[in-house]
Each structure stands twice: as C-alpha cells, then as structure tokens.
Amino acid sequence: MSERIQPRTLKGFRDYLPEAMIPREWLIDTARSVYRSYGFSPIDTPALEYLEILTGKGSEETDKQLYRFQDHGGRDVGLRFDLTIPLARFAAQHIQELGIPFKRYHIANVWRGENTQRGRYREFMQCDFDTIGTESNSADIEMVLVVHDLFAAIGFEDFQIHVNNRRVLNGLLEKLGLAERSTLVLRALDKLAKGGAKVVSQELTTVAGASEGQVRDILQLATLRGDNSQVLAQLTPLLAGSETGERGLNELAEMVAALDATGIPSGRFGIDVSIARGLDYYTGTVLETFLEKLPGIGSVCSGGRYDNLAELYTKEHLPGVGASLGLDRLLAAMEELGQLKKTSTTAPVFLPFFAAAHRDDYLRLAANVRRAGIGVEFFPEAKKLGKQLQYADKRGFRIALIAGADELAAGQCQVKNLATGESTTVSAAEDGTAVIAEIRRILGA
RNA sequence: GUGGCUGUAGUUCAGUUGGUUAGAACGUCGGAUUGUGAUUCCGAAGGUCACGGGUUCGAAUCCCGUCAGCCACCCCA
C-alpha cells in the first residue's frame, strides 16, 4: 500500500454527486415525458461504432474531435459524437421493421475530444428527438412545438426559439451565384449573433470569396428585423424569382401561421434569418433556442430538417426533422440562474431509528408508507434523535415520522413537517392509513 | 488544437522581500443534552501546499514540464 493511485478524472469528464444528479435526472424525465406526449418512442444504440460509420460524413472538424482507437480485435472504432449519425445508421438497418414515419427520441451520452469550457465537456448528454420518413412541414412545425413545450415544462419563461429555413438563404445564394460556396457562407453567417456584422462580412470576403455587393445582399437578408409578418413581407422581394427561396418562404409562412394558431406566446418564437447552423446537412427548417437571461451560453437546443439522413448507408430515401437538447449546457445555465433546487434526497419522508428495540416496527411502518407510493428513508443506526433530524434537515427531507417507545406502545406516530417544525400525533394502526393521510396532507400543501 | 489566467484541508479563501510547527471560516465527526433539526459552548479528525523535476543553506512562494479548471479563438449542445 505504499503507493496509492491518485483518484482523478479525465479532462472534460465528470463525476456527478447526488446534488447534481437529482436535477439532471429530473430534466431527463421532463424531456422524456414531453417527447412521449407527442408519440416519440425511445431507442438506444451502442456508444461504440465502426469508425467508417462515424467518419462517413467526412467533415474535418468532427474528424478531429472523434474519439477513436482499435478494439481488441483490431477493428477501427470510435465513440459516437452525436446521436444523429447513429440514428442514420439505425434507420438504414431497421427502417423496414419500423415503418414510416418513424418518431424516436434518444437520450444518451456522446463524446467529443474538444477543448472544455463552462457547460462544454468531452462527455455530455444529448436529448434528441426526430421524425424521419416524411417531408411534411407538419413535422417541422411539431418540432417547434415540442421544443416550446419542453422549455415550458422545464420552467423557463424567457426563452426564444429562433427559426429559419435554409432554402431562404440558399435561394438568395442561387440568385447571387454563390450556391456552390453555401457551406462557407452559412458558416460565416452563423457568427452574426456573436461576432456582429463586421466579423461576418470579413469572413464572407476572405473565406467565402464574396464580392462587396454579395456581402451587402447577404447581410441585408440576415439582418432583417421586425415581427414575423414584417420579416416575411420584406423577404418576398429579396427572393422573388428563386424557386428554392420562394419555397422556403412558403414553408416559413405556413409555420408562422400554424404556430400562431396553437397559441404559442408570440415572444417565444421568431423568424431569425441569420440562423444558419454550421452543420451542412440541414436543408430546410433550422432552429436554435436561446435563454434571454443568458445569451452568452449560446443555443441550448438546436435542430432542423435534413433531406436525406441515411443516404450514406442505404438507398432508401429518408428525410427527417428533429432537434437536440444540450442537457449539460442547459444544466450549467440553470445553475448560473439559480434555477436548480438543492436537495440531495430522493424520498420525501425520513424515519429516524429511535427506539433501538423496535426496528421491526419501523420497518413495517416504512413499508406501509411505501406501499402508498411515498418514499421513505429509514436511518440505519439508532443514534440520537437530534443527530438524525439534523441529517434529515441537511438532506432536504420534507417530513419526519417520529415514533419512540411511548408512541409505539400506544400505537401512534408523530408526523413532523420539517419545513415548519409542526408535529401532529396520529394513529399508526390499520397499515398506517392515518399516517399516510397526514403525509399526503403536508406534501399536498 | 492554439493563446491567456489559475491550482493551498470536503468547500471558500489567508499565507509578508523565499525562513523553520501552513492558518481561518464553513462543513464533517464526537461531547455538553440516554425523546425532537438551521442557536450556543467544548473537543477532534482532516493538507505529499495538484503532480514531477530544478534553483537554493532553506520553496506553498522563484524556474521548467505534466495534469486539471476557467476565459478567448476554433467549433458547437
């Protein structure tokens, strides 16, 4: 034992203590229930894939960030860096059994070997949902609704879903004769929110090789302001004559009308022509979600429509639309906003081990309360009551059930509200119905 | 991957121009209080000063490397 191994974790990888894990699980549960409420079904895929599956896309950037190695059988493998590529492979393999349209959600860890920053890690969780196999704009509209419901369910008031359509931009680029360099242009445009017009125009000129006039037209389009109908009206002349652009415009207009009809508060959703998304596989709707109080953290939920998800893996034509919630970035944001409740207990009720000779009575009482669907933690040692209550207080329990030899002899139990300190004595007989009723009363209040 | 800042008990931080035994608060554990939790009092545990090397009579302090964290770029959730 002379030399111990230093306990440590890799850069960008983290341990989760109960205090961090409890809100994390809550967020996952919330996302899951919103996705399910729209009929999305869960799937899972392996963390490790054949390298060729992951590098199929071939972009340099993802290639650099990919965790890759040879497995014990000498196969070239890699850890998934998002959930979309695995979905493409998954769909190519199983779409026959699944049928179309296929709606799935996938909540899982992904890995990227990039440099860390607040809210950005090398192992992080994504909560994706996608609808594949349909080109209907309804699916795009539903995507926005899901994102809206998701953030509302999490408890945010001040969030904004920015929506755009790639066809709008592509239409303009066609008109300008820049269609071939669209990826470079879009990537530059993606920096508008952060860097401003100067940065964008410089990158457009130097990287994308756009002329002064082209830069001016692109920026004019991207910096349109006003409410949704105003933006749509201003876009119309800019895109006139471009089939692609007009189609994009129509899709946007349809979406605006549909979302208005569902009664989404207007401040939470807006056309933002500057949203481009760096990823080049998006072809139609693109979406980003920002927290008004924390614009610096960037988009916490992004997504869009892609024409052919699985073309690398199958002949089957599989269009899709979906978005991804960045769970860890969102948790970092919520922590910064003080929006996370601090508890490190999962059961609401605490049962002190008070009278050492009565362990079985406590276990029976706890079992009765649990049968009613209420979690109970029984303290493992018959320590001083004060100590046990201190423990309960620190963990954030809401109720303590206090029963010493006297109460047990009388068939009674104190139900103590730990928030107020009030305590009522009720009968513990009849499988604890009175105890359970009192607990429910306190929890309900 | 590039550049900048940082690293001292579980946590937040002191620590003089390099000087001998590295401190505090909070937290933890025990006691005052063999039946009631954020109060009070007493006591205890807890540090290879991130790790490794160098300079020096002497290093938490100066230098180099590694690791990690934060920030910017890049990219993105």
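Values below: all heavy atoms of this structure, side chains included; hydrogens, waters and symmetry mates excluded. These numbers come from a predicted model, not from an experiment. Per chain, numbering begins at 1; letters A, B, ... match sequence-line order.
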Decide whether Y38(A) and D149(A) meet the rule of one side-chain donor and one side-chain acceptor closer than 3.5 Å.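 Judged by distance alone, the side chains do pair up.
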We want to know whether R14(A) and Y16(A) form a side-chain donor-acceptor pair, criterion being a heavy-atom distance below 3.5 angstrom.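 Looking only at side-chain atoms, Y16(A) and R14(A) do form a donor-acceptor pair, the distance falling under 3.5 Å.
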Using whole Å, what does the distance between atom [atom2] of nucleotide [N] and atom [atom1] of [X] come to?
X: F290(A); N: C76(B); atom1: CZ; atom2: P; answer: 13 Å
X: D128(A); N: A77(B); atom1: CG; atom2: C1'; answer: 9 Å
X: F379(A); N: G35(B); atom1: CZ; atom2: P; answer: 15 Å
X: R329(A); N: C75(B); atom1: CZ; atom2: P; answer: 14 Å
X: R120(A); N: C74(B); atom1: CZ; atom2: C1'; answer: 9 Å
X: L325(A); N: C76(B); atom1: CG; atom2: C1'; answer: 14 Å
X: E19(A); N: G10(B); atom1: CD; atom2: C1'; answer: 13 Å
X: L287(A); N: A77(B); atom1: CG; atom2: C1'; answer: 13 Å

Name all residues meeting the side-chain hydrogen bond (donor to acceptor under 3.5 Å, both in side chains) criterion together with [X]; count only those two or more places apart in sequence or in a different chain, and write none if there are none.
X: Q414(A); answer: E407(A), S423(A)
X: E251(A); answer: N165(A), R167(A), R247(A)
X: R364(A); answer: D361(A)
X: E123(A); answer: W111(A)

[atom1] gap between [N] and [M], integer Å:
N: A68(B); M: G30(B); atom1: C1'; result: 36 Å
N: C49(B); M: G19(B); atom1: P; result: 16 Å
N: G10(B); M: G27(B); atom1: C1'; result: 7 Å
N: C57(B); M: U66(B); atom1: P; result: 28 Å
N: C51(B); M: A14(B); atom1: C1'; result: 24 Å
N: U8(B); M: G1(B); atom1: P; result: 24 Å
N: C26(B); M: G54(B); atom1: C1'; result: 38 Å
N: G47(B); M: G23(B); atom1: P; result: 14 Å

Contact class for [X] vs. all strands (heavy atom < 4.0 Å): base, sugar-phosphate, or nothing?
X: R118(A); result: sugar-phosphate
X: D406(A); result: base
X: Y121(A); result: base
X: Q388(A); result: nothing

When the ring centroid of F290(A) is compared with that of H162(A), is the distance short of 6.0 Å?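 Yes; H162(A) has its ring centre under 6.0 Å from that of F290(A).
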Can you find a side chain N or O atom of S302(A) that sits less than 4.0 Å from OP1 or OP2 on C76(B)?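 No, no such contact exists.
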Can you tell me which stems RNA chain B forms when a stem means 3 or more consecutive Watson-Crick or G-U pairs under 3.5 Å?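 Only these stems qualify: B:1-7 with B:67-73, B:10-13 with B:23-26, B:28-32 with B:40-44, B:50-54 with B:62-66.
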With hydrogens left out and only the distance checked, is there a donor-acceptor pair under 3.5 Å joining R112(A)'s side chain and the base of C75(B)?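 Such a pair does not exist between side chain and base.
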Is a donor-acceptor pair below 3.5 Å formed from side chain E288(A) to base A77(B), judging by atom type as modelled?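 A donor-acceptor contact between them is absent.
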With a 4.5 Å heavy-atom cut-off, do I402(A) and F350(A) have their side chains touching?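 No, every pair of side-chain atoms sits at 4.5 Å or beyond.
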Please tell me which of N115(A) and S324(A) maps to the more 5' nucleotide of RNA chain B, matching each residue to the nucleotide holding its nearest heavy atom.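 With N115(A) and S324(A) compared, the 5'-side residue is N115(A).
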Taking for each residue the nucleotide of RNA chain B with the nearest heavy atom, is it G326(A) or G12(A) whose nucleotide lies nearer the 5' end?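 Its nearest nucleotide lies further toward 5', so the answer is G12(A).
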When you get a sec, tell me which of G30(B), C71(B), G69(B) is the closest nucleotide to the side chain of K11(A)?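 Nucleotide nearest to K11(A)'s side chain: G69(B).
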Per Q65(A) side chain, nearest of listed nucleotides C75(B), A72(B), U33(B):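 Nearest to the side chain of Q65(A) among the choices is C75(B).
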Under-4.0 Å salt bridge between [X] and [Y]:
X: R120(A); Y: E114(A); answer: yes
X: R268(A); Y: E157(A); answer: yes
X: D328(A); Y: R24(A); answer: yes

Mark up nucleotides 36-52 of chain B, 5' to 3', with B wherever a protein heavy atom is under 4.0 angstrom from a base atom, S wherever such an atom reaches only the sugar-phosphate, and - elsewhere. BBS-----------S--
